[in-house]
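Scroll down for the structure; my scribbles are underneath it.
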Amino acid sequence: PHLLEPFSVHIDFESGLLSPDPVVLVRRLSSLAGYFLQNADTDSEVYSVHEIRVPAERDHLLSSTTIVLPGKVGDEYYMTKGHFHANRDRSEIYLTLSGEGLLVMALENGTTVTKEMRPGVVNYVPGHWAHRSVNTGSEPLVFYAVYIGDAGYDYATIAERGFPVVVVDRDGGPSVVPNPRY
Ligand code: PAN
Ligand code: ZN
């Protein structure tokens, strides 16, 4: 365990940008190959994660902002990869800061729950629920997430079969439909 000095970070709620000094991870369409039903023909940025640096250990709380850009691949809205936590029972809190979207959560047995994301809404993601954020709006979807330091990421299960549902644009609005590949 590390004894840390207390510190503070500023989040701009509109943009989701942090100061000072976040660790930034950018996901482009090329790093999301196979996640959307259709293939993309550009390599546009889809989302970025801005993480406050603390050790990834059980006695710390990791936190980050995620900025999911507006856009679609075919009729499927831009979204995060989605994951289970490597330590499956680790839970997480999402607070949406700007934009609008849907948080899709699923158990390994296929049970699925979808919740709205909009500014001021806190979404609780209990352990064992895989989670993916989908931007259904025309502005960036920005949220702040707090999670137990040793939660870790299991991307493989989602990379293989996806979520039980996909979120698509039907007549100009979001529709949650069964995933034909699940
Ligand atoms: C979030 C996510 C972030 C990006 O911080 O990691 O929104 O999504 P993916 O990790 O699925 O690409 C979180 O849930 N952390 O546990
Ligand atoms: Zn998570």
Side-chain angles (χ1 to χ4, degrees), residues 4 6-18 22-23 25 27 35 46-70 77-137 139-159 161-167 174-179 182:
L4 299 189
F7 65 89
S8 303
V9 171
H10 179 264
I11 304 176
D12 181 89
F13 282 11
E14 195 58 36
S15 66
L17 297 177
L18 305 181
V23 182
L25 172 72
R27 296 277 191 211
Y35 281 87
V46 179
Y47 64 98
S48 59
V49 182
H50 305 247
E51 187 178 297
I52 296 174
R53 295 168 192 270
V54 299
E57 296 169 354
R58 181 70 176 85
D59 53 352
H60 293 290
L61 292 171
L62 274 165
S63 68
S64 56
T65 57
T66 301
I67 304 164
V68 186
L69 297 177
Y77 295 100
Y78 277 7
M79 61 187 184
T80 60
K81 286 185 168 187
H83 57 270
F84 289 95
H85 289 150
N87 287 309
R88 291 294 170 111
D89 61 354
R90 301 300 195 256
S91 52
E92 178 156 11
I93 282 177
Y94 279 17
L95 168 62
T96 301
L97 305 178
S98 61
E100 56 185 295
L102 288 175
L103 177 56
V104 180
M105 292 165 283
L107 293 173
E108 200 134 27
N109 70 11
T111 304
T112 305
V113 173
T114 303
K115 294 285 185 188
E116 272 185 41
M117 301 177 78
R118 57 191 157 74
V121 170
V122 169
N123 295 111
Y124 186 64
V125 184
H128 302 282
W129 290 85
H131 39 290
R132 162 181 286 166
S133 315
V134 184
N135 185 349
T136 57
E139 302 295 324
L141 169 66
V142 178
F143 62 91
Y144 177 62
V146 184
Y147 36 109
I148 299 169
D150 70 348
Y153 305 92
D154 167 11
Y155 290 107
T157 311
I158 301 300
R161 50 180 200 162
F163 278 73
V165 298
V166 294
V167 184
S175 183
V176 180
V177 300
N179 176 3
Y182 184 78

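Values reported hereafter were calculated over all heavy atoms of this structure, with side chains retained and with hydrogens, waters and symmetry mates removed. The first residue of the sequence shown is numbered 1, and numbering continues consecutively from there.
- In this structure, CD in E92 is found 10.5 Å from CG in N123, a value given to the nearest 0.5 Å.
- Between A130 and I158, the closest heavy-atom pair is CB-CD1, 4.0 Å.
- The two atoms that bring I67 and P140 nearest to each other are CG2-CB, 4.0 Å, heavy atoms only.
- Contact annotation: the side chain of E116 approaches that of L102 to within less than 4.5 Å [non-hydrogen atoms, C-beta and beyond].
- One distance of note links OH of Y147 with CG of L62; it measures 5.0 Å at 0.5 Å rounding.
- A donor-acceptor contact shorter than 3.5 Å links the side chain of S98 to the backbone of E14.
- The closest donor-acceptor contact from the side chain of Y124 to the backbone of S91 lies at 3.5 Å or more, if one exists at all.
- The shortest distance between side-chain heavy atoms of P22 and V9 does not fall below 4.5 Å.
- Surrounding CD of E139 are at most 12 heavy atoms belonging to other residues, nucleotides or ligands under 6.0 Å away.
- Note that the CG atom of N135 and the CE atom of M117 stand 9.5 Å from one another [nearest 0.5 Å].
- Side-chain contact between H128 and D89 is present, with at least one heavy-atom pair separated by less than 4.5 Å.
- Taking the six-membered ring where tryptophan is involved, the planes of Y155 and Y153 are essentially parallel, since the angle between them stays under 30° and well short of 60°.
- Atom OG1 of residue T66 and atom CD of residue E51 lie 9.5 Å apart, to the nearest 0.5 angstrom.
- Listed here is the closest heavy atom pair of L97 and P119: O-CB, 3.7 Å.
- By the 6.0 Å contact criterion, NZ on K81 is enclosed, its count of non-hydrogen atoms from other residues, nucleotides or ligands being greater than 12.
- Tested against V104, the residues V134, V166, V113 include a single side chain to side chain contact (heavy atoms under 4.5 Å, CB included) partner, V134.
- Looking at N87, its side chain does come within 3.5 Å of a backbone N or O of D150 through a donor-acceptor pair.
- When atom types are taken as modelled, the side chain of N179 and the backbone of F163 share a donor-acceptor pair closer than 3.5 angstrom.
- Side chain of T96 to backbone of Y94: no donor-acceptor contact under 3.5 angstrom is found.
- Across all their heavy atoms, F143 and V68 have their closest contact at CE2-CG2, 4.3 Å.
- Between L103 and S133, the shortest heavy-atom contact is CD1-OG, 4.0 Å.
- Separating the CZ atom in F84 from the CG atom in L107 is a distance of 7.5 Å, to the nearest 0.5 Å.
- The environment of CZ in R118 is sparse: at most 12 heavy-atom neighbours from other residues, nucleotides or ligands sit within 6.0 Å.
- Note that the NE2 atom of H50 and the OG atom of S63 stand 13.0 Å from one another [nearest 0.5 Å].
- Residues V167 and P174 approach most closely at CG1-CB, 4.2 Å, considering heavy atoms.
- Formation of a donor-acceptor pair under 3.5 Å by the H131 side chain with backbone atoms of W129 is found in this model.
- No more than 12 heavy atoms of other residues, nucleotides or ligands lie within 6.0 Å of CZ in F13, so this atom counts as exposed by the packing criterion.
- Checked by atom type and distance alone, the side chain of R132 pairs as donor or acceptor with a backbone atom of T80 at under 3.5 Å.
- The backbone N or O of V54 sits nowhere less than 3.5 Å from a side-chain atom of H60 that would complete a donor-acceptor pair.
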